[in-house]
Asker: 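Sharing a structure here in structure tokens format.
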Amino acid sequence: MAAIEIKGLTRRYGDFVAVSNFDLTVAAGECVGILGPNGAGKTTVVEILEGYRHRDGGDVSVLGLDPAHPTRSWRQKLGIVLQSASDLNELTVREAVEHFARYYPKPRDVDSTIELVGLTDKATTRTTNLSGGQRRRLDVALGVVGTPELLFLDEPTTGFDPEARHIFWGLIERLKHEGVTIVLTTHYLEEADALADHVVVVTRGRKVADTTPAGLGSRSQNLVSVRWYEHDELKEQRTAEPTKFVRELAARFTGEIPGLEVVRTTLEEAYLELVNASEQ
Amino acid sequence: MTNLPSLYYHRSRLEIRLLLRNRNAVVFSMLLPVFLLFIFGSVFNKTKLGNTGVSFDQYFVAGLLASGLLYSAFQQLAIAIPEERSNGTLKRLVGSPMPPSVYFVGKLAAATFTYIFQAIALLAIGHFSYGIHLPSSVSLWLDFAWISALGLAASALLGIAFSNFAKNGQSASALASPVVLFFQFTSGVFFVYANLPKWMQDVAAIFPLKWMAQAMRGVFLPKLFASQEVGHSFELPKAAVILGAWTLAAALICRFTFHWLPKNET
């Protein structure tokens, strides 16, 4: 059975259509990455799935239940890491994890949860005194302490330095190994590439791609950039047939082609191209 | 471990612990009645009310205990809940499997703790430094207990109801503090109720503070002072009915207006 089934989801804020006719299926145990620019509707979709926001239309099922009518036993199977939180300030890391563990029937061990997110040294530190990245890891600890079947991560690594991000990715890999279904909202292409089995690109409330990270990269018709100098001017041609193009180019030049470069489009470029195309 | 009494216990402990870690709350909220007694007591120390022999201090302590119910339950919750709504506390809790009643029990525990602390500080310092007379019989102490319990319930529920009308802790504080002050002036806390203009008495008589203060006077003032009251009695049964009605009304308002998330996040 799919962990998440969405058909024709629509949500408006006044006249503004935040999410329009959105479909998505997430298999149990899968990690899906939801990508898109700011204001694209990612958080609206995710918060409807989490049972926070209402919807104006469409059918939604999360772990077999309509999230518009959440129940306690359904909440016990969910882990939620919100985009921003500034609560818990005067509690220590350990107190916060210990407290939230009480609300679940089969919580993870408190110390090993703290260890999982790498905060063992900070266990007795008050939340106000944590750095931004440590604070985020505490949010993740609170999201996983109830041993969720389904974990929502809304922009979990915003503000992380590269090293912290890699440590965090390792943590998510471990959760994937445990069979947790993960919905990851992110700005970072390389994050989706590293973690997601399946990526969805959202712009202006619409799904514009639903594929694998590799599929997203190869979606672009003009996959490869060929650059060279001609009459002291940098030229660039995007082409799906770089070999053919370079052969033609070589015929125009006697000898070396000045400054020749053949560059494969990165995932990021493919993504930006997709977003720009759908925003026009 | 998810049985309800245990969750109530742990949430209450957490709320009280958080309260004690917030030094501002300890000083301003818990010791405010003592400060007020110090200031007013210094000014009006010798003043006797009419020919009853009752000092203003003795009258004022009853009003301060009633005010303490508003400070610790109404004002504290009216400010803390919007703050927790805007900083994400409520969003995290409602996204967890916590039964909603756990949150409210925790808040009530924090209010009760603050009130008990205020009352003990006020009565101890009042008794030993200002010669305040304490209730002399068990039945008066029992009256004090039920007035406090009912007053806490009404105030706390009104505070929760009020919390639905503020965007965040700051605006809640700006809204709730003048409300408390208004009722203190009109309900016989800072001034003797019987000396207030009739219209002011009539307005105050609709709201709980007047009845809490009057019932507290029934505990802390001598019986013969009852003749000085507007109704020539402390009217404890009437106070019980009115406070009970406010408790029910506030519970109904909460039932229909309480929201866990900021309005633009649903």
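What's counted below: heavy atoms across the whole structure, side chains too, no hydrogens, waters or symmetry copies. In what follows, chains carry the letters A, B, and so on, assigned in the order in which the sequence lines appear, proteins first and then strands, with residues in each chain numbered from 1.
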Asker: Taking every non-hydrogen pair under 4.5 Å, which of A:Leu82, A:Thr71, A:Ile80 racks up the most with chain B?
Answerer: A:Leu82

Asker: If I measure from the heavy atoms of chain A, does B:Val94 come under 4.5 Å with its side chain, its backbone, both, or neither?
Answerer: both

Asker: Below 4.0 angstrom, N of the basic side chain to O of the carboxylate: do A:Glu178 and A:Lys176 qualify?
Answerer: no

Asker: If I compare all heavy atoms of A:Ile172 with all of A:Leu153, which pair ends up nearest, and what's the gap?
Answerer: CD1-CD1, 3.5 Å

Asker: Does the distance from a Lys or Arg side-chain N to an Asp or Glu carboxylate O, for A:Asp121 and A:Arg94, drop under 4.0 Å?
Answerer: no

Asker: What are the two closest heavy atoms between A:Ala141 and A:Thr113, and how far apart are they?
Answerer: O-CG2, 3.6 Å

Asker: Between B:Phe144 and B:Phe220, does the ring centroid distance fall short of 6.0 Å?
Answerer: yes

Asker: Can you give me the closest heavy-atom contact between A:Lys122 and A:Gln134, atom names plus distance?
Answerer: CE-NE2, 3.4 Å

Asker: Looking only at non-hydrogen atoms, find the nearest pair between A:Pro107 and A:Thr147 and report the distance.
Answerer: C-OG1, 3.7 Å

Asker: Determine which residues belonging to residues 66-93 of chain B lie within contact range of chain A, meaning some heavy atom pair is under 4.5 Å apart, and list them by number or answer 'none'.
Answerer: B:Asn87, B:Gly88, B:Thr89, B:Lys91, B:Arg92, B:Leu93

Asker: Determine the interplanar angle of the B:Phe258 and B:Phe104 rings, folded into 0 to 90°, and report it as parallel if under 30°, tilted if 30 to 60°, perpendicular if over 60°.
Answerer: perpendicular

Asker: Begin with the C-alpha distance, continue with both residues' side-chain angles, and end with the deciding distance and a verdict on side chain to side chain donor-acceptor pair (under 3.5 Å) for A:Thr181 and A:Glu30.
Answerer: CA-CA 5 Å; A:Thr181 308; A:Glu30 194 180 28; over 6 Å; no

Asker: Any chance the rings of B:Phe38 and B:Phe35 have centres within less than 6.0 Å?
Answerer: no

Asker: Are A:Glu115 and A:Arg108 within salt-bridge range, i.e. N to O under 4.0 Å?
Answerer: no

Asker: Going by residue number, which parts of residues 259-266 of chain B are within reach of chain A, meaning a heavy-atom gap below 4.5 Å?
Answerer: B:Leu261, B:Asn264, B:Glu265, B:Thr266

Asker: Return the option, out of B:Arg17, B:Arg11, B:Arg21, with the maximum number of heavy-atom pairs under 4.5 Å with chain A.
Answerer: B:Arg21

Asker: Got a sec, which residues hit ring pair (Phe, Tyr, Trp, His ring centres under 6.0 Å) with A:Tyr188, two or more places apart in sequence or on another chain?
Answerer: none

Asker: Given that the side chain runs from C-beta out, which part of A:Leu78 has a heavy atom under 4.5 Å from chain B: side chain, backbone, both or neither?
Answerer: neither

Asker: By number, which residues in residues 37-66 of chain A have some heavy atom less than 4.5 Å away from chain B?
Answerer: A:Glu47, A:Tyr52, A:Arg53, A:His54

Asker: Using the six-membered ring wherever Trp is involved, compare the ring planes of B:Phe117 and B:Phe113 and label them parallel, tilted or perpendicular (cut-offs 30° and 60°).
Answerer: tilted

Asker: So which atom in B:Ala110 and which in B:Glu15 form the shortest heavy-atom distance, rounded to 0.1 Å?
Answerer: CB-CB, 4.1 Å

Asker: Looking at every non-hydrogen atom in both residues, tell me the closest pair between B:Leu19 and B:Met30 and how far apart they are.
Answerer: CD2-CE, 3.8 Å

